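Read the structure below first, then the notes.
On a predicted model such as this, the values are computed, not experimentally measured, just so you know. Below, all heavy atoms of this structure are taken into account, side chains as well, without hydrogens, waters or symmetry copies. Each ligand, and each atom within it, is numbered from 1 in the order the structure gives.
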Amino acid sequence: MTENEIKKDNSYHIAASNICVIGAGFVGLVTASGLAQFGHKVVCVDTDKSKIDELTNGRVPFYEPDLQQLVRDNLNKKTISFSDNLADSVRGKDVVFIAVGTPSGVDGRAELSNIDSVCRELAEILSGKEILVLKSTVPLGTSERVKKIFEKAGKDAPPVVSCPEFLREARAVHDFFYPSRILIGGDNDDAKKKIAEIFLKGVNAAVPIVSTDNKTAELVKYAANAFLATKIGFVNELAGFCDLLGVNIKDVSKYIGMDPRIGTKFMEPGPGWGGSCFMKDLSELMGLAKTKDFSLLITNAVLKANEKQFELVYEKVCELLSNIKDKKIAVLGLAFKAETSDMRYSPAIPIINKLLQSGARVIAYDPKASEGAREFIPGIDLADDAYKTAESADCLLILTEWNEFRSLDLEKLAETMNSKNIVDARNLLDPALARKLGFKYIGMGQN
Ligand code: NAD
């Protein structure tokens, strides 16, 4: 146990707490339903009335494995409820978690209007006994900013605990119950102990629950995402180099990953990283560095390299088709990764837009993201399954690593496509088999 690890004593029973979670998005909903599963009594509140109506009826408005079942189980047990009324929802609560969005503003810095407006409202309605927990990813100094909002409203600031979320979308429910660590930042030991107990009620005693100050907790979240993006960026770059060298990236990744200092996770090349967090968090970190006159050279390079990766995928399509104007490109996968419906900052967006701007005709399919795809790529043509997408196409472009694409029937595709071309930006298919069937196949660093 490290010096900062909060001591766990499983010999006593931890009482259920009354909790309000503000924000019913990926993080808020997983936190609320996970805490309810631990036996706490939870109200999850959101300003989006239609979302609250759906949740009250047991329907999760986005795809996240196991989440809908978790919500339904806890609705049945009456351990969770949903509301769009903040004042009613926080009344009588011990702890209020804030999990609202913190998107990038026009200057690339985190935009805190959701946090500010929630805190201004809370300053009017909290009784003074609650603990406030920042689950949203927030810039350094936000806990102080929150306290000032209360002081400006003439109220004593509550203890503010920074408890950043490290869950992975597509594995969010699993990660809630089996987190790598729970980081609890703050300057009030009693408040931190209370938050630790809330998690200890349900998580395995082996999970490290670590205590730090607010600023460290806030920075750890940004640093973690910058490091993960760097790792993916490095493998993507190496895959591009492997293309030139005639070396297989799968072997290189596997053999360097055997060194425990490097590890085997996040070692597969792809079309560039995406998702709601990396881009905005790296951009906030860059903005913060600028205010301190500090150069984050590596993070800056990672951002640029990722844009280059989108270009690289586009160029691979061009390489196969020579002239892509009026050619039909069948895109498989729109979500930024498999097992999610989330298209925020998905590589599919810049890649498809570039194809469309070049005069190509694009038709796409994603097992879970198709429904909301037009919000991100207006006017995109969509098909109902992979084979319909590929009919009479000049090139198949795989962008998301859905399992169903790994087992595509290449013979069936060969019969219905106009030209047998595949760009496999996730290395899902067997290149030898594809070539045997007459396809021109380009993967990522494995040709
Ligand atoms: P999201 O957009 O899915 O959900 C945010 C929710 O907050 C929305 O439902 C929105 O309606 C609601 N909201 C906004 N203002 C509100 C207000 N004033 N009162 C009540 N509800 C309000 O966002 P998310 O992906 O859940 O992310 C939330 C935070 O968690 C962000 O700071 C994000 O960076 C962080 N985070 C996200 C992930 C992830 O994988 N999505 C992982 C770790 C941390």
For [X], which part has a heavy atom under 4.0 Å from ligand 1: side chain, backbone, both, or neither?
{"X": "S136", "value": "both"}
{"X": "I22", "value": "side chain"}
{"X": "K49", "value": "neither"}
{"X": "C277", "value": "side chain"}
{"X": "T102", "value": "both"}
{"X": "R168", "value": "neither"}

ask   = Parallel, tilted or perpendicular for W402 and Y63, by the 30°/60° rule?
value = tilted
Which residue holds the protein heavy atom closest to [atom], what is that atom called, and what is the gap in Å?
{"atom": "atom 23 (O) of ligand 1", "answer": "R344 NH1, 3.7 Å"}
{"atom": "atom 4 (O) of ligand 1", "answer": "G25 CA, 3.1 Å"}
{"atom": "atom 5 (C) of ligand 1", "answer": "G101 N, 3.6 Å"}
{"atom": "atom 6 (C) of ligand 1", "answer": "D46 OD2, 3.6 Å"}
{"atom": "atom 29 (C) of ligand 1", "answer": "V100 O, 3.4 Å"}

Quick test of your reading of the model: are [X] and [Y] salt-bridged, counting only N-O distances below 4.0 Å?
{"X": "D116", "Y": "R145", "value": "yes"}
{"X": "K354", "Y": "E311", "value": "yes"}
{"X": "K193", "Y": "E197", "value": "yes"}

For residues [X] and [Y], establish whether the separation of their ring centroids is below 6.0 Å.
{"X": "F234", "Y": "F266", "result": "no"}
{"X": "F176", "Y": "F38", "result": "yes"}
{"X": "F26", "Y": "F62", "result": "yes"}

[X] neighbourhood, listing ligand 1 atoms whose heavy-atom distance to it stays under 4.0 Å:
{"X": "V118", "answer": "17 (C), 18 (N), 19 (N)"}
{"X": "S276", "answer": "41 (N)"}
{"X": "V27", "answer": "26 (O), 30 (O), 36 (N), 37 (C), 38 (C), 42 (C), 43 (C), 44 (C)"}

ask   = So do the side chains of L332 and L397 get within less than 4.5 Å of each other, counting heavy atoms only?
value =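 L332 does not reach L397 side chain to side chain.
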inquiry  = Measuring from atom CZ of R344 to atom NZ of K280, what distance do you get when rounded to the nearest 0.5 angstrom?
reply    = 9.0 Å
request  = List for me each residue that meets ring pair (Phe, Tyr, Trp, His ring centres under 6.0 Å) alongside Y365, sequence neighbours excluded, and say none if there are none.
outcome  = none
request  = Report yes or no: does a heavy atom of K221 sit under 4.0 Å from some atom of ligand 1?
outcome  = yes
task = Could you tell me whether ligand 1 has any atom less than 4.0 Å away from a heavy atom of K280?
result = yes
message = Minimum distance, heavy atoms only, to atom 40 (O) of ligand 1: which one of E169, R171, R120 is it?
response = E169
query = Is E268 atom CD crowded by more than 12 heavy atoms from other residues, nucleotides or ligands, each under 6.0 Å away?
reply =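 Open: at most 12 neighbouring heavy atoms sit under 6.0 Å from CD of E268.
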Table please: side-chain donor-acceptor pairs of residues 39-52 below 3.5 Å, with sequence neighbours left out.
unit_1: H40; atom_1: ND1; unit_2: S17; atom_2: N; d: 2.9
unit_1: H40; atom_1: NE2; unit_2: I198; atom_2: O; d: 2.9
unit_1: K41; atom_1: NZ; unit_2: K78; atom_2: O; d: 3.0
unit_1: D46; atom_1: OD1; unit_2: D48; atom_2: N; d: 2.9
unit_1: D46; atom_1: OD2; unit_2: A24; atom_2: N; d: 2.6
unit_1: D48; atom_1: OD1; unit_2: S50; atom_2: N; d: 3.2
unit_1: D48; atom_1: OD1; unit_2: S50; atom_2: OG; d: 2.8
unit_1: D48; atom_1: OD1; unit_2: K51; atom_2: N; d: 3.2
unit_1: K49; atom_1: NZ; unit_2: D53; atom_2: OD1; d: 3.0
unit_1: K49; atom_1: NZ; unit_2: D53; atom_2: OD2; d: 3.2

message = I'd like to check whether D281 has a polar contact with ligand 1, where a contact means an N/O of the residue lying under 3.5 Å from an N/O of the ligand.
response =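 In fact, backbone or side chain, D281 has no N or O that close.
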message = For the 3.5 Å polar cut-off, considering only N or O atoms, please tell me whether L167 and ligand 1 meet it.
response = no
